[in-house]
A.B. asks: 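There's a structure below that I have some questions on.
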Amino acid sequence: TSGETRSNAVMFTAIEGTTYLISVDGEYGATGDIALHLSFTYNFSTLAGLAGTSGTANGTGTAARFNRLNASAPDNLGNVYVADLNNHAIRKVAADGTVTTLAGSPGTSGYTNATGTAARFNTPSGIVVAPDGNIYVADGSNHAIRKITPAGVVTTFAGATTATTG
């Protein structure tokens with residue numbers, strides 16, 4: 001009936017006990033917004049690193065150390081790449097929790113296009129993985145977008161081409 005307020009809700013449990021609640025509230029026949037509410041239940045566990053403990057160590061699980069993770073992005077192979085802000089490095093976390101440094105030298109800032117740990121970043125603050133596997137990093141204090149190939153070759157994609165201050 002026009003103008004009648006109704007609420008419909010559907011609740012179901014899906015993969016691994018995750019509960020989804022979808023409810024639609026609205027006025028039938030009215031011109032207005034219909035609200036869609038989604039509620040999710042998540043279970044979290046530590047894949048790598050140790051809460052409250054910073055550092056620069058590569059390793060597996062809680063043996064790995066980071067220093068202020070600022071951004072992360074997954075690839076199509078189940079890996080997650082993270083911008084390790086205060087370590088000035090891009091780290092790769094494999095699905096089994098193994099952490100390696102893809103580019104940059106943890107603890108050493110700078111601006112160098114090179115391969116692997118010979119490359120330098122200065123507070124990498126954003127990261128995205130393209131469908132072709134290349135990684136693009138917002139190198140914050142260097143005011144540049146850097147490109148990293150799957151082999152770890154770092155080049156400047158856009159922005160400053162030398163270290164900047166300020």
Side-chain angles (χ1 to χ4, degrees), residues 13-22 36 38-166:
T13 301
I15 303 170
E16 297 180 14
T18 302
T19 301
Y20 300 91
L21 172 65
I22 300 173
L36 175 63
L38 300 173
S39 176
F40 302 96
T41 303
Y42 296 99
N43 295 316
F44 293 95
S45 61
T46 300
L47 178 62
L50 185 62
T53 306
S54 64
T56 61
N58 288 328
T60 301
T62 57
R65 296 289 181 270
F66 303 94
N67 192 352
R68 193 169 175 213
L69 297 179
N70 201 53
S72 64
D75 69 10
N76 292 330
L77 303 174
N79 302 301
V80 175
Y81 294 88
V82 295
D84 196 347
L85 185 82
N86 288 342
N87 277 330
H88 311 288
I90 304 305
R91 315 285 294 283
K92 175 184 175 182
V93 183
D96 69 354
T98 301
V99 176
T100 56
T101 301
L102 176 68
S105 180
T108 305
S109 65
Y111 192 116
T112 304
N113 287 326
T115 300
T117 57
R120 296 290 181 269
F121 297 88
N122 193 348
T123 60
S125 55
I127 191 166
V128 65
V129 180
D132 64 4
N134 288 315
I135 300 162
Y136 294 87
V137 177
D139 193 359
S141 292
N142 282 326
H143 309 287
I145 303 298
R146 312 286 292 284
K147 175 184 173 183
I148 309 171
T149 68
V153 178
V154 177
T155 56
T156 300
F157 182 75
T161 57
T162 60
T164 58
T165 59

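Since the model is a prediction, treat every value here as computed from it, not as a measurement.
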A.B. asks: Rounded at 0.5 Å granularity, tell me how far CG in Asn87 sits from CZ in Arg68.
C.D. replies: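 That separation rounds to 12.0 Å.
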A.B. asks: State the CG-CG distance between Asn79 and Asp96, to the nearest 0.5 angstrom.
C.D. replies: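 One finds 9.0 Å between CG of Asn79 and CG of Asp96.
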A.B. asks: With no hydrogens and no angle check, is any side-chain donor or acceptor of Asn70 less than 3.5 Å from a backbone partner on Ser125?
C.D. replies: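 Side chain of Asn70 to backbone of Ser125: a pair is present.
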A.B. asks: Going by the side chain to side chain contact (heavy atoms under 4.5 Å, CB included) test, name the single residue among Asn58, Leu102, Val80, Leu69 that passes it with Arg91.
C.D. replies: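 It is Asn58; the other options fail the test.
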A.B. asks: Can you see which heavy atom on Val82 is nearest to which on Ser72, and at what distance?
C.D. replies: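 Heavy atoms only, the tightest pair is CG1-CB, 3.7 Å.
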A.B. asks: Are the side chain of Asn122 and the backbone N or O of His88 linked by a donor-acceptor pair below 3.5 Å?
C.D. replies: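 Between the backbone of His88 and the side chain of Asn122 there is no qualifying donor-acceptor contact (under 3.5 Å).
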A.B. asks: Quick check: closest heavy atoms across Ala83 and Pro124, and the distance to 0.1 Å?
C.D. replies: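 Shortest heavy-atom separation between Ala83 and Pro124 comes out as CB-O, 3.5 Å.
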A.B. asks: Pairing donors with acceptors under 3.5 angstrom, does anything connect the side chains of Ser105 and Thr117?
C.D. replies: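 Side-chain D/A pair, Ser105 to Thr117: absent.
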A.B. asks: Using 0.5 Å steps for rounding, measure from the CG atom of Leu85 to the OG atom of Ser109.
C.D. replies: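 If we round to the nearest 0.5 Å, Leu85:CG and Ser109:OG are 11.0 Å apart.
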A.B. asks: To the nearest 0.5 Å, what is the distance between CG (Leu47) and OG1 (Thr62)?
C.D. replies: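 The distance works out to 11.0 Å.
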A.B. asks: Which pair of non-hydrogen atoms, one from Pro150 and one from Asn134, has the smallest distance, and what is that distance?
C.D. replies: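 It is CD-OD1, 3.4 Å.
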A.B. asks: Is any side-chain heavy atom of Pro106 closer than 4.5 Å to one of Asp84?
C.D. replies: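 No - every pair of side-chain heavy atoms lies 4.5 Å or more apart.
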A.B. asks: With heavy-atom distances below 4.5 Å as the criterion, would you say the side chains of Phe66 and Val93 are in contact?
C.D. replies: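 Result yes, sub-4.5 Å side-chain heavy-atom pair found.
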A.B. asks: For Thr123, is there any backbone N or O sitting under 3.5 Å from a side-chain donor or acceptor partner on Ser141?
C.D. replies: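 Between the backbone of Thr123 and the side chain of Ser141 there is no qualifying donor-acceptor contact (under 3.5 Å).
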A.B. asks: Hey, does the side chain of Arg146 reach the backbone of Arg120 with a donor-acceptor pair shorter than 3.5 angstrom?
C.D. replies: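 A pair under 3.5 Å: yes.
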A.B. asks: Between the side chains of Asn113 and Thr156, does any donor sit under 3.5 Å from an acceptor?
C.D. replies: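 Yes - a donor-acceptor pair under 3.5 Å links their side chains.
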A.B. asks: Take Phe121 and Val154, measure what side-chain contact (heavy atoms from CB on, under 4.5 Å) needs, and give me the verdict at the end.
C.D. replies: CA-CA 10 Å; Phe121 297 88; Val154 177; 3.9 Å; yes
A.B. asks: What are the two closest heavy atoms between Ala114 and Ala119, and how far apart are they?
C.D. replies: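 That would be CB-N, 3.7 Å.
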A.B. asks: Evaluate side-chain contact (heavy atoms from CB on, under 4.5 Å) for Asn67 paired with Thr56, printing each intermediate quantity in order.
C.D. replies: CA-CA 7 Å; Asn67 192 352; Thr56 61; 5.7 Å; no
A.B. asks: Enter the distance from Ile127:CD1 to Ile148:CD1 here, rounded to the nearest 0.5 Å.
C.D. replies: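 Here the interatomic distance stands at 6.0 Å.
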